[in-house]
Amino acid sequence: RPREPSEGPPPELAARVQRAEEVEEQPWEAETLVYVDGAWDSLDASHIALLKAARSRGTHLLAGVHTDETLRSHGIEPHDSFDARLARILEDRHVSS
């Protein structure tokens, strides 16, 4: 069921949203928003399949990226920096923001 349009998040949160290239829609403007999160330290075939399946469920796929601190608190040492992982996930054609 499509969501009712919202006013959007507080400005300090909205400023942190990064959209993939050529995506103009903000997540809170989406007809159907789908959210997934992860470390995204690598994108193998199973990650791509997950992103493709998630995107097929909505008009906008918002991908959360865990911080280095969050990963370390769970005993995971990231191979790449947060910025590199964020850039990688935004390059995937299924991800909107």
Spacing of CG belonging to Asp80 relative to CG belonging to Asp41, to within rounding of 0.5 Å | 5.5 Å
Given side-chain hydrogen bond (donor to acceptor under 3.5 Å, both in side chains), test Thr67 with Arg72 step by step and report yes or no.
-> CA-CA 9 Å; Thr67 64; Arg72 288 184 185 114; over 6 Å; no
Identify whether Val34 and Ile89 are in the same connected component of the hydrophobic contact network (ILVMFWY, side-chain heavy atoms under 4.5 Å).
-> yes
Candidate pair Ser46 and Asp44, rule side-chain hydrogen bond (donor to acceptor under 3.5 Å, both in side chains), full reasoning = CA-CA 6 Å; Ser46 64; Asp44 62 26; 2.6 Å; yes
Taking side chain as C-beta onward, heavy atoms only, is Leu90 less than 4.5 Å from Trp40?
-> no
Side chain to side chain, Pro78 and His66, heavy atoms closer than 4.5 Å = no
Rounded distance (nearest 0.5 Å) linking atom NE2 of His79 with atom CD of Glu77 = 8.0 Å
Non-neighbouring partners of Asp83 that pass side-chain hydrogen bond (donor to acceptor under 3.5 Å, both in side chains), sequence neighbours left out = none
Check step by step if side chain to side chain contact (heavy atoms under 4.5 Å, CB included) holds for Val65 and Asp37.
-> CA-CA 6 Å; Val65 180; Asp37 64 334; over 6 Å; no
Do Arg85 and Asp68 meet the salt-bridge criterion of a basic N to acidic O distance under 4.0 Å?
-> yes
Taking it one step at a time, do His94 and Ser56 satisfy side chain to side chain contact (heavy atoms under 4.5 Å, CB included)?
-> CA-CA 9 Å; His94 303 103; Ser56 73; over 6 Å; no
Taking a hydrophobic cluster as the set of Ile, Leu, Val, Met, Phe, Trp and Tyr residues connected by side-chain heavy atoms closer than 4.5 Å, whether directly or through intermediates, do Ile76 and Leu50 fall within one such cluster?
-> no
Under 3.5 Å donor-acceptor, Ser96 side chain and Leu61 backbone = yes
Smallest separation among heavy atoms of Glu31 and Thr59, with atom names = N-OG1, 3.4 Å
Side chain proximity check, Arg88 to Leu43, heavy atoms < 4.5 angstrom | yes
Rounded to the nearest 0.5 angstrom, the NZ-CZ distance for Lys52 and Arg93 is 6.5 Å
Listed pairs under 3.5 Å, donor-acceptor, residues 15-25 side chains, sequence neighbours left out:
residue, atom, partner, partner atom, Å
Arg19, NH1, Glu24, O, 2.5
Glu25, OE1, His60, ND1, 2.9

Point-to-point distance, once rounded to the nearest 0.5 Å, from OG of Ser97 to OH of Tyr35 | 10.5 Å
Shared hydrophobic cluster, Val36 / Val95 (ILVMFWY, side-chain heavy atoms < 4.5 Å) = yes
Arg57 side, atom CZ; Leu33 side, atom CG - distance, nearest 0.5 Å = 14.0 Å
